[in-house]
Amino acid sequence: MKEAGGQASASLKEPSSPSPSDPKQQSLPVGEYEVFLSFRGPDIRDSFADWVYRGLIRSKIRTFRDEEDLRKGEKMEPSLVRAIVETKIYVPIISPTYVDSRWCLQELAKMVECWKQGKGHVILPIFYFVAPSEVKKQESDGFKSAFKLYGEKFDAATIGEWKEALKEVGEMKGWHVTELVGYACHLFYFNFVFSLFLVE
């Protein structure tokens with residue numbers, strides 16, 4: 001397991017967030033959830049994402065888990081937008097085919113939008129078997145193919161927003177998960193939950 005942008009490690013550096021001295025900094029609205037978990041269902045719903053979710057629940061951290069594959073229509077429902085806006089900590093699990101889901105990209109763009117507003121939101125990305133640099137640069141075949149298809153259906157402004165959100169998150173400090181066995185797995189979970197409390 002590697003810390004994003006660093007050497008092999010299971011630790012996490014200080015999360016990327018707006019400076020406390022930012023004059024735009026405001027208090028967050030009180031929401032039902034403390035953590036918003038974003039991931040592509042077919043990839044990891046019943047494995048890694050479920051493991052993370054259950055760990056957070058066991059730690060009594062109120063966590064929103066989006067049922068991405070059950071949605072209908074093109075736009076995010078108001079209840080989902082509200083859940084993102086009112087939640088402080090965002091945990092996008094960027095898997096190899098995360099970009100194949102327009103829902104995931106819409107969520108990520110909204111997270112980055114809220115983070116940039118300087119109201120105290122924090123993004124703690126998990127790069128699940130995908131390099132942070134790949135997310136930042138979006139030059140691999142998977143990213144190129146996905147955005148080529150999106151270009152046939154969505155306008156340039158929307159696609160630009162999604163690409164910018166990926167770039168922003170790819171530059172953030174997070175976890176680069178490259179193995180899920182033995183001690184590294186437990187150490188990852190410990191650091192993950194502990195860091196969530198650090199940003200409370």
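In what follows, residues are counted from 1 in the order of the sequence shown.
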Asks: Quick one: list whatever passes salt bridge (charged side-chain N to carboxylate O under 4.0 Å, His left out) with K144, sequence neighbours left out.
Replies: none
Asks: Identify every side-chain donor-acceptor pair in residues 129-140 under 3.5 Å, counting partners at least two apart or on other chains, and give the distances.
Replies:
residue: E134; atom: OE2; partner: S140; partner atom: OG; Å: 3.0
residue: Q138; atom: NE2; partner: V135; partner atom: O; Å: 3.3
residue: Q138; atom: NE2; partner: K136; partner atom: O; Å: 3.4
residue: Q138; atom: NE2; partner: K163; partner atom: O; Å: 3.0

Asks: Quick one: list whatever passes side chain to side chain contact (heavy atoms under 4.5 Å, CB included) with R62, sequence neighbours left out.
Replies: E34
Asks: Hey, what do you get for OH (Y33) to CD (E86), rounding to the nearest 0.5 Å?
Replies: 10.5 Å
Asks: Among the clusters formed by ILVMFWY side chains lying less than 4.5 Å apart, do I89 and I57 turn up in the same one?
Replies: yes
Asks: Any idea which heavy atoms bring G142 and V99 closest together, and the distance?
Replies: O-CG1, 4.2 Å
Asks: How are the rings of Y90 and H121 set to each other: parallel, tilted or perpendicular (split at 30° and 60°)?
Replies: parallel
Asks: Quick check for you: to the nearest 0.5 Å, what is the distance between I94 atom CD1 and H176 atom NE2?
Replies: 12.0 Å
Asks: Side chains of P92 and I123, heavy atoms from C-beta outward: is any pair under 4.5 Å?
Replies: yes
Asks: Anything under 30° is parallel, anything over 60° is perpendicular, the rest tilted; go ahead and classify W162 against Y150.
Replies: perpendicular
Asks: Say you draw a straight line from CE of M172 to NZ of K167; how long is it, rounded to the nearest 0.5 Å?
Replies: 11.0 Å
Asks: Shortest non-hydrogen contact from D100 to A146?
Replies: OD1-CB, 3.6 Å
Asks: Does L105 reach the side chain of L166, with side-chain heavy atoms less than 4.5 Å apart?
Replies: yes
Asks: So, taking the atom named CZ in R82 and the one named CD in E32, what distance separates them when rounded to the nearest 0.5 Å?
Replies: 9.0 Å
Asks: Of T63, I61, L56, which is the lone residue that meets side-chain contact (heavy atoms from CB on, under 4.5 Å) with S59?
Replies: I61
Asks: With sequence neighbours excluded, what pairs up with Y53 under the ring pair (Phe, Tyr, Trp, His ring centres under 6.0 Å) test?
Replies: none
Asks: Can you name the side chain to side chain contact (heavy atoms under 4.5 Å, CB included) partners of D155, sequence neighbours left out?
Replies: A157, T158
Asks: Say you draw a straight line from CZ of F36 to CG of L80; how long is it, rounded to the nearest 0.5 Å?
Replies: 4.5 Å
Asks: Using 4.0 Å as the upper bound for N to carboxylate O, is an ion pair formed by E107 and K110?
Replies: no
Asks: With sequence neighbours left out, write down each residue that passes side chain to side chain contact (heavy atoms under 4.5 Å, CB included) with F48, or none if nothing qualifies.
Replies: I44, W51, V52, I93, I126, Y128, V177, L180, F188
Asks: Measuring from atom OG of S79 to atom CZ of F64, what distance do you get when rounded to the nearest 0.5 angstrom?
Replies: 6.5 Å
Asks: W175 and L124: which non-hydrogen atoms are nearest, and at how many Å?
Replies: CZ3-CB, 3.9 Å
Asks: Please report the closest heavy-atom contact between G174 and F127, naming both atoms and the distance.
Replies: CA-CE1, 4.5 Å
Asks: Of all heavy-atom pairs between A165 and A109, which one has the smallest distance, and what is that distance?
Replies: CB-CA, 3.7 Å
Asks: Would you kindly say whether S95 and R40 are connected by a side-chain donor-acceptor distance under 3.5 Å?
Replies: no
